[in-house]
Amino acid sequence: MRVSVIGGGYVGVVTAACFAHLGHGVSIVEVDAGKVRTINAGEPPIYEEGLEGLLKVHAGKKLVAGTEYGPVADSDLSFICVGTPPAWDGSADLSYITAACRSIGEVLRGGKKAHTVVVKSTVPPGTTENLVIPTVREASGRNDLGFAMNPEFLREGRAVKDFLHPDRIVIGSTDPAAGERVSKVYQGLDAPIMRTGTTAAEMIKYASNALLAMKISYTNEIGNLCKRLGIDVYEVMQGVGLDRRVSPHFLNAGAGFGGSCFPKDVAALIHLAERHGEDPVLLRSVMEVNRRQPLRMIRILKDRVGDLNSKKIAVLGLAFKDGTDDIRESRAVPVIEALLESGAAVAAYDPLAVPNMRQVFPQIEYCTGAAEALAGADACLLMTEWPEFSRLDGEFELMKNRVVIEGRRVLSCDGKEGICW
Ligand code: UGA
């Protein structure tokens, strides 16, 4: 099939590369000309495991990127993969979706070829029906187009693997034929396909992310109590997770969830619930536990070293999780903010995320390795679950005081204290 992918962010590029891998001819439409050049040169514009290999094989052949919408007219399906960032009030900003729909519609105007427009971006329930369909129809002047909503469940850093080995594929459509065309594009993947309406598909995505975020906040609240009682929360959640109704995943206690999805999607769901007259107490608590959690690191730190003024604090890990250079909503951000407010000198290290964090905190010291950050430090805060941190040991001897507090359970050395273990 011929597929267009609108948007060259992590969802768009991974979707495009994986569709090419499944044998389809794919065009990416991306406004950023620099990104287009990078993709066409076979280089991934973002770090994503396995993506470079796919781009090297398919870029310039089965997969071509460009800044124009022209290729949409020749394709069977277009997948909208643009961002839906949070607006000032927590609701999802749909302006990129609207712009993409107009451009798709304009290029399909006067055409005869059958085409299905598929929303992959995370959008509030009702968006496909109330915004996407009317906007594309108006811009195209056509009533013969198909529409579908096909949410993505890709974790950053593991997105290629998640795409090619999904737990499920959810396809919401307005008519069975459109849904059928979307399911054909996934032929070759071994996963159950769930067919539904577009609004239910949209809600499945929000409900999934909110439930995963809830598991994390729940685990952290249990962890905070376990720490007070001298119980190991990891042992507890292992026991809890063995229940098949719970599953062992997303029960790792720590500094809380970050990233471009969970915080944004839970906030959007809260906004949606309030707008419809509901009082989403549980969802608000999920966010509140997550807001407070990283600040516990500072409380423990102050208990251990006292006044932080002029103390050197090593921060290991800046990305919101391992395997990515993304620092959006990283739990390291509020921690560094609090350290700076207390007058501490921060020496930070991350294998990938230093350039991004430099934009947010140009005033702190960035190190090229953990040992450099730890040398002469009064304390160390570990913020990201990078596997390389699990091998640290002798490096902690370089510290002035060996106070090591981990916000993710990764260290194997002696003498560390966990945020809630
Ligand atoms: C998340 C979802 O996992 C994907 O299914 C979804 O498609 C994606 O959002 C999206 O909406 O696009 P992602 O944000 O890449 O993926 O990251 P996760 O791997 O889910 O981790 C999110 C945060 O939760 C990280 O900060 C991680 O450190 C934290 N986390 C995760 C925990 O604190 N404990 C856990 O047990 C698991």
Side-chain angles (χ1 to χ4, degrees), residues 7 9-15 46-49 81-86 92 120-123 150-163 165-170 201-202 204-223 233-234 237-238 240-241 246-269 286-287 289-290 293-294 296-297 317-335 350 353 382-387 389 406-410 418-421:
Y10 96 89
V11 174
V13 179
V14 168
T15 299
I46 37 141
Y47 177 78
E48 199 54 67
E49 202 185 308
C81 300
V82 297
T84 51
K120 206 173 239 315
S121 305
T122 301
V123 293
N150 169 222
E152 53 85 11
F153 303 105
L154 311 175
R155 286 166 299 175
E156 266 186 66
R158 295 154 182 85
V160 170
K161 223 198 245 159
D162 283 347
F163 192 102
H165 305 281
D167 287 347
R168 79 303 206 187
I169 296 166
V170 173
E202 289 161 336
I204 286 170
K205 173 58 193 264
Y206 275 107
S208 297
N209 272 4
L211 182 66
L212 293 170
M214 191 181 79
K215 282 182 92 171
I216 297 168
S217 278
Y218 172 76
T219 304
N220 286 339
E221 195 157 289
I222 295 292
V233 61
Y234 274 74
M237 296 322 280
Q238 190 188 346
V240 172
V246 178
S247 108
H249 305 290
F250 278 68
L251 296 177
N252 294 321
F257 56 82
S260 63
C261 304
F262 287 171
K264 160 182 89 80
D265 293 346
V266 179
L269 201 52
V286 168
M287 293 297 268
V289 170
N290 201 52
Q293 197 65 7
R296 297 179 77 91
M297 305 278 288
L318 301 170
F320 82 93
K321 64 173 184 178
D322 66 305
T324 176
D325 63 355
D326 196 337
I327 57 155
R328 283 176 288 178
E329 299 286 336
S330 166
R331 303 294 77 198
V333 172
V335 162
D350 187 282
L382 184 139
M383 299 306 307
T384 312
E385 54 271 50
W386 284 106
F389 293 153
E406 54 176 357
R408 309 284 178 193
R409 165 112 38 134
V410 280
I419 179 173
C420 49
W421 54 89

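Note: hydrogens, waters and symmetry copies are ignored here, and every other heavy atom, side chains too, is used. Remember, it's 1-based here, ligands and their atoms both numbered in the order they're listed.
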If hydrogens are left out, which of [options] has an atom nearest to [atom], that is, the closest non-hydrogen atom?
atom: atom 15 (O) of ligand 1; options: E156, K120, M383; value: E156
atom: atom 37 (C) of ligand 1; options: F262, Y206, F250; value: F250
atom: atom 34 (N) of ligand 1; options: D322, D265, D162, N252; value: N252
atom: atom 31 (C) of ligand 1; options: D167, N220, I216, T324; value: I216

Hey, is the main chain of R158 close enough, under 3.5 Å, to the side chain of E48 for a donor-acceptor pair?
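Answer holds: yes.
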For [X], is at least one N or O under 3.5 Å away from an N or O on ligand 1?
X: Y10; answer: yes
X: G259; answer: no
X: S260; answer: no
X: F257; answer: no

For [atom], find the nearest protein heavy atom and state the residue, atom name and distance (0.1 Å precision).
atom: atom 19 (O) of ligand 1; answer: K321 NZ, 2.9 Å
atom: atom 9 (O) of ligand 1; answer: C261 CB, 3.2 Å
atom: atom 26 (O) of ligand 1; answer: F320 O, 2.7 Å

